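If you're wondering where the values come from, they're calculated on a predicted model, not measured in any experiment. In what follows, chains are A, B, ... by sequence order, proteins preceding strands, each numbered from 1.
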There are 2 protein chains.
Amino acid sequence: MPTGTRDRILDSALAAFGMRGYDATSLDDLAVDLGITKQAILYHYSSKEALLEATIELAVNELGSALSGAANPQARGFERIEDLVRATFSLAARRPEVLGLVRLVSRQGGVASGKLASAMSVMLGDAVRFVEAEMAAGRFRRLEPRMLLLAVYSAVVGVATEPEVMRALGLEPDLRSLVRARRETIEFLRAALIAD
Amino acid sequence: MPTGTRDRILDSALAAFGMRGYDATSLDDLAVDLGITKQAILYHYSSKEALLEATIELAVNELGSALSGAANPQARGFERIEDLVRATFSLAARRPEVLGLVRLVSRQGGVASGKLASAMSVMLGDAVRFVEAEMAAGRFRRLEPRMLLLAVYSAVVGVATEPEVMRALGLEPDLRSLVRARRETIEFLRAALIAD
DNA sequence: ATAAATACTTACCATTTGGTAAGTATTCTG
DNA sequence: CAGAATACTTACCAAATGGTAAGTATTTAT
């Protein structure tokens, strides 16, 4: 590996954009952090927005591989949901910046969100088909699949990435609480999903 | 009412901070929007951060009154949750910037989030006691009350305020979809909460 | 009538920011 | 070994940004 600077920039940018926000992170901040000059960044990525797009691509890939790695095609019914929730929480603990960036971009829209939306719609399409099949098999409660997924997505990502709300509830966002939050989220979803 | 400029600034700032973000909104933008000069803003609010704190206070008040206005103390069990979810969706449709700002601040932490946290912890304390009472009465499923609230909060606010995720699911975030999302979210929560 | 407070505006300003231009050291290629 | 591509750095820069200083018109208080 000759340099790896390009990858180091990408990693730092993902961490900074995902945790502190895009506007709150200047190229100079990143450069100082990396011990290089701002122009080195602009050599590898033609503009700040181009860098953002690259970080989004990386984040989507990481999220995708985390989820597809967890999705055991053998698993049926709620087991599969459980696997996915576990994987999501694991990612939130290991690399909070990835989910942070996804949330950030999905909220503010703009040019960059188009890429994210199209990348995620593939995953979501699979998910919709899975949920529909489970409903048809009578294992999941009958609800509108897409709305259901939106609620599940919001609940999981929200619980996994909202430390301030946890603090307001009197829970410290440490690892132990996160583990408990994961367990409770799974129970919550189990109750909501499984057909009587 | 002599001027009202102070209030107009506050309204515009809440809308801009809540929808586009704090960093993404410059005082010049706000000033042009209002047809005044930037220095008029700094006359009423000593700094941009002071303005942010004022908008947070306003947003918390609006959220609080929307929720307390909906909370019928007579209502028991799931009815009360339903009222609250309806009120939250109504607020999301009427003034999306309020929930937007709450989410924004709760995510990024910082100085301002302390005020929000303390203001919200009162509401959440009431909510925790309510949920505990319902569990004790056997009307709600037994789950950890605070984690449950976190999941409910995340699901509702997420569904109500994530247009991009809705788009990725192939749903246009218009009023009709929002009404459907509300109905489905309520059904989802009903299934998750109500004890067998 | 005069002083003083209120509600601004015009005029600046230092810093930060994303970005360009040009130079330099190093490595690869013919 | 010459030249070209790669991977940077130093040197700038125009625009934007939050904020200060000072002036002005209007209303209020004495």
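- Note on A:H44: every side-chain N or O is 4.0 Å or more away from OP1 and OP2 of D:dT6.
- Rounded to an integer number of Å, the gap from A:L34 CG to D:dC8 C1' is 14 Å.
- Atom CD of A:E79 has 12 or fewer neighbouring heavy atoms from other residues, nucleotides or ligands inside a 6.0 Å radius.
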Distances under 3.5 Å between nitrogen or oxygen atoms of protein and nucleotides 18-25 of chain C:
{"unit_1": "C:dG18", "atom_1": "OP1", "unit_2": "A:K48", "atom_2": "NZ", "d": "2.7"}
{"unit_1": "C:dG18", "atom_1": "OP2", "unit_2": "A:L27", "atom_2": "N", "d": "2.9"}
{"unit_1": "C:dG18", "atom_1": "N7", "unit_2": "A:K38", "atom_2": "NZ", "d": "2.6"}
{"unit_1": "C:dG18", "atom_1": "O6", "unit_2": "A:K38", "atom_2": "NZ", "d": "3.3"}
{"unit_1": "C:dG19", "atom_1": "OP2", "unit_2": "A:K48", "atom_2": "N", "d": "2.8"}
{"unit_1": "C:dG19", "atom_1": "O6", "unit_2": "A:K38", "atom_2": "NZ", "d": "3.4"}
{"unit_1": "C:dG19", "atom_1": "O6", "unit_2": "A:Q39", "atom_2": "NE2", "d": "2.9"}
{"unit_1": "C:dT20", "atom_1": "O4", "unit_2": "A:Q39", "atom_2": "NE2", "d": "3.1"}

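- Using modelled atom types, no side-chain atom of B:S177 and backbone atom of B:P173 make a donor-acceptor pair closer than 3.5 Å.
- A donor and an acceptor atom, one from each side chain of A:R8 and A:S12, are nowhere located under 3.5 Å apart.
- Computed from coordinates, the A:I9 CD1 to D:dC8 C1' distance equals 10 Å when rounded to whole Å.
- Between B:E134 atom CD and B:R139 atom CZ the span is 4.0 Å, to the nearest 0.5 Å.
- To the nearest angstrom, P of D:dC8 lies 11 Å from CZ of A:R6.
- Between A:Y43 and D:dC8, a side-chain N or O to OP1/OP2 separation shorter than 4.0 Å is absent.
- Within the structure, salt bridge (Lys or Arg N to Asp or Glu O under 4.0 Å) pairs that include any residue of residues 41-50 of chain B do not occur (at least two apart or interchain).
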Under the side chain to side chain donor-acceptor pair (under 3.5 Å) criterion, do B:S90 and B:R94 qualify, and how do the steps go? CA-CA 6 Å; B:S90 167; B:R94 265 200 337 271; 2.7 Å; yes
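- Phosphate proximity of D:dC8 to A:T5: present, with a side-chain N or O under 4.0 Å from OP1 or OP2.
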